[in-house]
Amino acid sequence: MTGPLVPFREIVLKVHSRCDLACDHCYVYEHADQSWRTRPKTISDEAISWTARRLAEHAEKHGLPSISVILHGGEPLLAGPARLRRVCEELGSALDGVAELDLRIHTNGVQLGPRYLDLFDEFGVKVGISLDGDRVANDRHRRYADGRTSHPQVLKAVDLLRQERYRHLNLGLLCTVDVRNDPVAVFDALAELEPPLVDFLLPHATWDDPPLRPDRAATPYADWLLAVFDRWQERGRPIPVRFFSSILSSLTGGPSLTESLGLAPTDLVVVETDGKLEQVDSLKSAYEGAAATGFDVFTHSFDDVAAHPGVRARQLGLAGVSEECRGCPVVRSCGGGLYTHRYRSANDFDNPSVYCADLAALVRGVEDRTAQALGSPAVSDPAALDAEQRELTRTFLARLNAELAEPAGEPWASAWASLVELEASGAGAAELERVLAHPYTASWVRGTLADLYAGRGVEVSAEVARLSASVAAAALRAGLDAPVPVPFTDGRLHLPTLGTLRAAGPGERGEALLRALPGGCAARSGDAPERRVERFDADGAHWEAVRTVGGGGAPLLALDDLDPYRDCFGTAPAPRLAEDDVQRHARRFAEAWKLLHEAAPSLGAVMARSLAVLTPVLGPPADDAGPAHGALGIDGTGEARDVALGLLRGFRRAALRAREDVVDLYALDGAWEHRSPWRAEKVPFSVLLAETFERTATGLLDPRLMRGVPEALETLESAAELTVDGKQLLLALRKEADGQVATASAGKSAAR
């Protein structure tokens, strides 16, 4: 097995190997592995010391900022306060200055009292308690050996943890599912205790020892958990439930939140009371010795365990699940199920989970119930997408301020203060919004942040100039007679959305003071005489304005051949156009728009609403051009149909990127490869989606481009990478494609 070792961030330390309850579903005492019988009841001083030493070595070697240690058993409280204090002291001392220690203990609660909680408070030990619900549910399994109930004692322990002085130690409740219990009663009983977290566990089972299925029901565990989910929803999600949170996270493209679900690699190792190092404890349900590694803390490091084949098998993500699971659409959410639950003696762990049908039904059930609420309106609503993009630019601008405030010093601080002041005004705030919404504001902010985060240097003076120019442009647009200083180089400064001002001679640097005048603006540079620009929309002696194209049925767009941040199309931007070239671009755009509107009026309406800028470029824009939501590059060559296709292609590429900016349409891109109708080789999901998204639109102008789209859609719709937002996008895409097919069929029938 290849790939780097995954360091352990979570250690289960068995401090006592016996228990004061006799739960008949316990994997330690009641399942296949009975190694507990040969182990010392309590962990020794030597084992504690060596464990602490190995942990510190491991954390230091891998640069781990923190490491979790879960004190476990058996029942760990049976080790007694003195032994637990020794464990806490040794671990804390060894990791002091190396990594933060996150100490936890998992207990059945029956021994828990103030003497333990005061100890745990001293060392910051968080406490998790096992409780299967109301008394009826809990008594089904969690009893003393003589049959007595443990429920009152556990409730007493939970009540102690709810007291103000111990509440910060409360980790939550762990509930093992039994489908014979009333799911609503179980949830209500747990919720009544107001735990900070509840986690549900499926009872450990394998294909050799399958779980209980009353009346041979197909998916009783999914049905039970969905009943809990419905109750959880009905009550307004009063408490966090990790099992559900994990599924909801994966449905929106996020990570799994529990080892029981998802494809995240395992990062847990177990230290037994005799110092033996073992794999995850639940493997004891599979067969005798399933968790064993042959290693111990006295002679082996945690890296030795991390390299063990059994551990590595649980760190392979998608490659570590069965072939059947790799092709399943819900595998990102269920992760093939808990590793233990895949075991079959005939072929070890190369199987789906014994709960496979339940997990699939559970994930789909949660998705069916929440997809509408989880989905982002930005996927299907252009107005919402525009708003999300504007908010994203503002967020990035705030980050840029945090990065540059110190190195740029007073000039940046002054420009930022002017921005804040303008934002608090009436007309100024509205015009500032227009400037910040300009596509090349986003290009500037994102490009600068990318350079900073990549360690590439940025010219601080240029960043100050752009911020100052943005504030000045907004103030001038609003007609505010409030002088705004703007630095310039080479005698020129650019005002986003307006144009470029020649403030001095070529090669000169300085600062222009701009203020609004009726019908124009005035600019003073140092001691130079004041220059007055009469209009923003015409060339003059000192002014090059951003011009417009469109009208007469086509949208009126800025033809921006001036903005220095317009170089985001993967090809060189054209220099300032001569007037006859402007007219040529205008004619070509009008002709192209007419064709586009006739072939795709609804898509044309969306484009007209979202587009703000056309930028002349020297060649076709690249497939992987950068962010420019609201702007298109146009080379102005070729026939009107070619220009129309270029506009459609560019718009769809930018529209898809804009959605990918603000929502997760897919996850784990590249983990799978898919057949593309237009390529010989298989491609990642993102590539197939981009091709299909583009062709579904360009096929409106050239039906030949629709070939293969239905097949590509079928592949995309069944892909495991899809999130709820991705499915929403594909629904719209399918509707587009089906409409085109229907139109084409009607045309053929009419021709016949």
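For Pro352, the side chain to side chain contact (heavy atoms under 4.5 Å, CB included) criterion is met by Ser322, Glu324, Cys325, Cys356, not counting sequence neighbours. For Ser130, the side chain to side chain contact (heavy atoms under 4.5 Å, CB included) test picks out His106, Arg142, Leu174, with sequence neighbours left out. Evaluation of the side chain to side chain contact (heavy atoms under 4.5 Å, CB included) rule for Glu60 yields Val98 as partners, not counting sequence neighbours. Take Glu89 and apply the side chain to side chain contact (heavy atoms under 4.5 Å, CB included) test, not counting sequence neighbours, and it matches Arg85, Phe123. Partners of Thr258 under the side-chain hydrogen bond (donor to acceptor under 3.5 Å, both in side chains) rule, at least two apart in sequence or in another chain, do not exist in this structure.
For the salt bridge (charged side-chain N to carboxylate O under 4.0 Å, His left out) test with Lys14, the passing option among Glu75, Glu272, Glu278 is Glu272; the others fail. In summary, of the residues considered (Leu101, Val297, Val69, Leu64), a side-chain contact (heavy atoms from CB on, under 4.5 Å) with Leu55 occurs for Val69 alone.
Ring-plane geometry between Phe229 and Phe244 is classed as perpendicular, the angle between the planes exceeding 60 degrees on a 0 to 90 degree scale with a lower cut at 30. Aromatic ring pairs are classed by plane angle as parallel below 30°, tilted from 30° to 60° and perpendicular above 60°; the pair Phe349 and Tyr343 is tilted. Ring-plane geometry between His300 and Phe295 is classed as tilted, the angle between the planes lying from 30 to 60 degrees on a 0 to 90 degree scale.
Proximity of the aromatic rings of Phe243 and Phe200 is defined here by a centroid distance below 6.0 angstrom, and this criterion is not met.
Nearest approach of Pro7 to His62, heavy atoms of both residues: CB-CG, 3.6 Å. Residue Asn138 comes nearest to Ser150 through the heavy atom pair ND2-OG, 3.6 Å, listed as atom of the first residue, atom of the second, then distance.
Checked by atom type, the side-chain pair Asp121/His168 shows a donor-acceptor distance below 3.5 Å. Under 3.5 Å, the side chains of Asp178 and His141 contain a donor-acceptor pair of N or O atoms. Asp139 and Thr149 are linked by a side-chain donor-acceptor pair at a separation below 3.5 angstrom, with hydrogens and angles left out of the test.
Side-chain atoms of His58 come within 3.5 Å of backbone atoms of Phe8 as a donor-acceptor pair (strictly under, hydrogens ignored).
Other residues, nucleotides and ligands contribute at most 12 non-hydrogen atoms within 6.0 Å of the CG atom of Asp215. Counting non-hydrogen atoms of other residues, nucleotides and ligands closer than 6.0 Å to CD of Gln163 gives a total above 12.
Ion pair Glu57/Lys61 not flagged as a salt bridge, since none of the NZ, NE, NH1 or NH2 atoms sits closer than 4.0 Å to an Asp/Glu carboxylate oxygen.
Annotation: salt bridge (Lys or Arg N to Asp or Glu O under 4.0 Å) contacts involving residues 335-360, sequence neighbours excluded, comprise Arg213-Asp358.
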